[in-house]
Amino acid sequence: MKKRLRKKLHKGEFKELGFSFDAKFKTDTDLKIVEEWLQELAVLLHERGLEMGGGWNSDVCVGFITRERGSVTPEERDVLKKWFGEHDQHLDNVNVGELKDAWYGW
């Protein structure tokens, strides 16, 4: 495959990595607390140039963390995993996935 096509298809040296997560909130968690948690997460992602796709409600937040261009680094994944651990007072469970291909890793 030619370099131009690999770039267009995000293959080979142009592969972009991201990771998934899911956070299950405790059943008695107020929706305002969930929104504040999400706002703090959004600020952290913005500071690092990362983006999140996904969804949430009062029970669970599920997302996939990427970068607009390029890959999420293992260090950035570790920082976010640590942040989830430090902000889990209203969570029953948090799962952070491994880095995987953001375009074809489904």
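How far NE2 of H90 is from CD of E36: 8.0 Å, rounded to the nearest 0.5 Å. Rounding to the nearest 0.5 angstrom, the gap separating the CG atom in D78 from the NZ atom in K81 is 7.5 Å. L99 CG to K15 NZ: the interatomic distance, rounded to the nearest 0.5 Å, is 10.0 Å. The distance from atom CE of M52 to atom OG of S20, rounded to the nearest 0.5 Å, is 12.0 Å.
Looking at heavy atoms from C-beta onward, V72 lies out of side-chain contact with L17 at the 4.5 angstrom threshold. Taking 4.5 Å as the limit, every side-chain heavy atom of V96 sits out of range of all side-chain heavy atoms of L80. Side-chain atoms of L45 and I65, non-hydrogen and from C-beta on, do get closer than 4.5 Å to each other. Residues R67 and E51 are not in side-chain contact: their nearest non-hydrogen atoms beyond the backbone lie 4.5 Å or more apart. Within the 4.5 Å cutoff, no side-chain heavy atoms of K26 are placed close to those of Q89. Inter-residue side-chain proximity for F84 and L41 is flagged as met; some heavy-atom pair is nearer than 4.5 Å. When side chains are defined from C-beta on, W56 counts as touching L38, because their heavy atoms get closer than 4.5 Å. Between T73 and E76 there is a side-chain heavy-atom pair separated by less than 4.5 Å.
In this structure, F19 has its ring center at least 6.0 angstrom away from the ring center of F64.
Judged purely by atom type and a 3.5 angstrom limit, D88 has no side-chain atom pairing as donor or acceptor with the backbone of L91. W37 contributes a side-chain N or O that, together with a main-chain N or O of H87, makes up a donor-acceptor pair within less than 3.5 Å. Looking only at distances, a side-chain donor or acceptor of N57 sits under 3.5 Å from a matching main-chain atom of V60. Using a distance-only test at 3.5 Å, with no hydrogens or angles considered, a donor-acceptor pair links the side chain of R77 to the main chain of G97.
Under the 4.5 Å side-chain heavy-atom criterion for grouping Ile, Leu, Val, Met, Phe, Trp and Tyr, L44 is connected to V34 within one hydrophobic cluster. Linking ILVMFWY residues whenever their side-chain heavy atoms come closer than 4.5 Å, directly or via other members, places W103 and L5 in the same cluster. Linking ILVMFWY side-chain heavy atoms closer than 4.5 Å, directly or via other members, places F25 and L31 in a single hydrophobic cluster. Cluster membership for V94 and W83, using ILVMFWY side-chain heavy atoms within less than 4.5 angstrom, is shared.
Shown here for A102 and G18, the closest heavy-atom pair between the two residues is CB-N, 4.1 Å.
Around atom CD of E86, more than 12 heavy atoms belonging to other residues, nucleotides or ligands sit under 6.0 Å away. Within 6.0 Å of NE2 on H10 lie more than 12 heavy atoms contributed by other residues, nucleotides or ligands.
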Q: Quick one: do E13 and R6 satisfy salt bridge (Lys or Arg N to Asp or Glu O under 4.0 Å)? Show the steps, please.
A: CA-CA 8 Å; E13 68 269 34; R6 287 194 312 272; 2.9 Å; yes

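By the 6.0 Å and 45° rule, K11 stacks over the aromatic ring of Y104.
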